[in-house]
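The block underneath contains the structure these notes are about, expressed in structure tokens.
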Amino acid sequence: MAMSKKSDKKKKNAPNYSPDMLLGPKTSFQVTESYKTLRTNLLFALAASEDAELKNVFAVSSSLPGEGKSTSSANLAIAMSQMNAKVLLLDADLRKPVQHKLFGVGNVRGLSGVLIGDCMLDVAIKKDVRPNLDLLTSGKIPSNPSELLGSKPMLKLLHELSGMYDYVILDTPPITIVSDVLTFAPHTAGILLAVCPTVCKHDHLESAIEGVKLAGVNLLGAFLSNSMNQSLGLSYNGKYGNHYYKKYGYQYKS
Ligand SMILES: Nc1ncnc2c1ncn2[C@@H]1O[C@H](COP(=O)(O)OP(=O)(O)OP(=O)(O)O)[C@@H](O)[C@H]1O
Ligand SMILES: [Mg+2]
């Protein structure tokens with residue numbers, strides 16, 4: 001069947017996630033070192049938030065879509081697992097999950113299934129996707145991501161994972177678009193913000209930081225990413241509407 005021009009273009013422009021995007025032996029020295037520097041700074045920030053309820057659990061988020069959250073959280077998880085810490089990467093983006101694609105694993109069982117009691121945590125976790133690194137993918141996309149992430153089972157799960165791992169890193173949706181991350185983040189050590197300067201303008205960042213503060217979430221810090229995201233149509237001029245975000249799977253915050 002012939003594909004319409006519109007869906008053809010969408011497919012062509014969609015980011016192609018694969019394990020090649022992850023830190024490995026072929027990664028350049030600069031990129032590897034950048035992640036190690038991020039890791040070191042993050043460890044200082046985590047040490048300063050030791051009063052948090054879940055002091056070894058944190059989320060990676062951003063103001064807007066396509067700022068490099070998923071790629072960076074995956075690589076940060078790898079960098080942290082390389083210092084002999086037992087790490088879990090959790091795909092808590094229940095709208096546009098990609099961690100299973102980045103690591104080249106299945107996504108039939110995952111977070112959503114665990115939260116609704118459909119599968120056991122032990123079965124859902126993909127063990128040793130890298131040495132010292134386990135992955136809990138999103139599972140099937142639910143109709144109520146925000147409610148699931150803000151639910152009691154989610155908090156219970158985070159407590160359980162916090163006891164099982166040295167660090168738990170959550171990949172999440174963008175803050176100014178949906179409130180998903182802010183529903184559970186107050187219980188964690190905080191949020192680390194990915195900021196892509198070609199995507200995120202001052203106002204967006206300010207609004208994300210304000211949202212974080214209002215929700216009583218600790219801001220662990222921010223890092224510059226270079227998602228070079230022309231492919232997601234982010235070369236906009238500051239005006240965007242509901243249609244824009246629906247197109248990429250996110251809805252406006254209600
Ligand atoms: N540091 C980087 N350098 C170059 N390209 C990058 C970098 N980080 C991410 N990208 C690319 O930018 C695109 C978006 O990255 P990614 O999916 O990690 O962003 P995201 O913030 O998770 O997006 P979303 O809001 O859709 O979840 C992808 O095509 C990815 O390959
Ligand atoms: Mg993402």
Side-chain angles (χ1 to χ4, degrees), residues 15-19 21-23 35 38-39 42 46 54 56-81 87-107 109-115 124-126 129-130 133-142 145-146 148-150 154 157-158 161-162 165 167-185 187-196 199-200 208 212 217 219-223 225 227 229 232 248-250:
N16 229 345
Y17 297 94
S18 77
M21 295 152 97
L22 300 178
L23 289 181
Y35 278 107
L38 178 59
R39 176 182 74 188
L42 178 70
L46 286 175
L54 297 159
N56 59 344
V57 180
F58 66 93
V60 177
S61 196
S62 64
S63 311
L64 295 172
E67 294 202 64
K69 297 177 289 298
S70 299
T71 319
S72 305
S73 54
N75 284 322
L76 181 60
I78 292 174
M80 293 186 84
S81 68
V87 179
L88 179 84
L89 175 63
L90 199 169
D91 198 338
D93 189 337
L94 296 181
R95 297 165 194 267
K96 287 172 62 184
V98 299
Q99 293 300 343
H100 57 289
K101 295 180 188 169
L102 278 170
F103 284 88
V105 297
N107 190 28
R109 294 185 191 90
L111 175 63
S112 58
V114 172
L115 292 179
I125 292 177
K126 311 270 184 310
V129 287
R130 290 286 186 281
L133 177 61
D134 290 356
L135 171 66
L136 181 54
T137 60
S138 67
K140 289 179 195 147
I141 294 180
S146 230
L148 263 191
L149 292 171
M154 176 67 178
L157 175 67
L158 290 180
L161 295 173
S162 167
Y165 292 91
Y167 299 105
V168 179
I169 304 173
L170 288 90
D171 179 18
T172 65
I175 291 170
T176 64
I177 311 300
V178 287
S179 58
D180 298 13
V181 62
L182 300 178
T183 60
F184 59 79
H187 302 278
T188 70
I191 287 183
L192 180 63
L193 279 182
V195 181
C196 177
V199 173
C200 178
V212 168
V217 177
L219 183 60
L220 287 166
F223 62 93
S225 79
S227 68
N229 212 337
L232 285 179
Y248 297 109
Y250 293 121

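Everything numeric in this text was worked out from a predicted model, so none of it was measured.
The shortest non-hydrogen separation linking Pro65 to Val199 is O-CG1, 3.8 Å. Closest non-hydrogen pair, Leu135 versus Leu88, comes out as N-CD1, 4.0 Å. Considering every non-hydrogen atom in both Leu149 and Ala92, the closest pair reads CD1-O, 3.5 Å. Smallest separation of non-hydrogen atoms from Ile141 and Leu94: CG2-O, 3.3 Å. Considering every non-hydrogen atom in both Tyr35 and Ser72, the closest pair reads OH-CA, 3.6 Å. Shortest non-hydrogen contact noted between Asn75 and Leu23 is OD1-N, 2.7 Å.
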#### Entry: side chain to side chain contact (heavy atoms under 4.5 Å, CB included) between Leu158 and Leu90, intermediate numbers included
CA-CA 10 Å; Leu158 290 180; Leu90 199 169; 4.2 Å; yes

### Message
I'd like to know whether Ile175 forms a side chain to side chain contact (heavy atoms under 4.5 Å, CB included) with Val212, so could you lay out the CA-CA distance, the side-chain angles of the two residues, the decisive distance to 0.1 Å, and finally the verdict.
### Response
CA-CA 8 Å; Ile175 291 170; Val212 168; 3.6 Å; yes

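Here the side chains of Phe184 and Leu157 are not in contact, with every heavy-atom distance at 4.5 Å or above. Within the 4.5 Å cutoff, the side chain of Ser73 has heavy atoms near those of the Gln99 side chain. Side-chain contact between Asn56 and Leu46 is absent, with no heavy atoms from C-beta onward closer than 4.5 Å. Using a 4.5 Å heavy-atom cutoff, the side chains of Ser146 and Ser179 are in contact. The side-chain heavy atoms of Leu76 and Tyr167, taken from C-beta on, include no pair separated by under 4.5 Å. Here the side chains of Met154 and Leu111 are in contact, with some heavy-atom distance below 4.5 Å. Val98 is not listed as a side-chain neighbour of Thr71, based on a closest heavy-atom distance of 4.5 Å or more. Looking at heavy atoms from C-beta onward, Met80 lies in side-chain contact with Leu42 at the 4.5 angstrom threshold.
Asp91 pairs by the salt bridge (Lys or Arg N to Asp or Glu O under 4.0 Å) definition with nothing, not counting sequence neighbours. Residues satisfying the side chain to side chain contact (heavy atoms under 4.5 Å, CB included) criterion with Ala222, sequence neighbours excluded, are Leu193, Val195.
Looking at Arg39, its side chain does come within 3.5 Å of a backbone N or O of Ala79 through a donor-acceptor pair.
Other residues, nucleotides and ligands contribute at most 12 non-hydrogen atoms within 6.0 Å of the CZ atom of Arg109.
Each of Asp171, Thr172, Asp180 was checked for a side chain to side chain donor-acceptor pair (under 3.5 Å) with Ser61, and the lone residue meeting it is Thr172.
If you take CZ on Phe58 and CD1 on Ile169, they are separated by 4.0 Å, rounding to the nearest 0.5 Å.
Side-chain atoms of Ser138 and Asp93 form no donor-acceptor pair, as typed in the model, at a separation below 3.5 Å.
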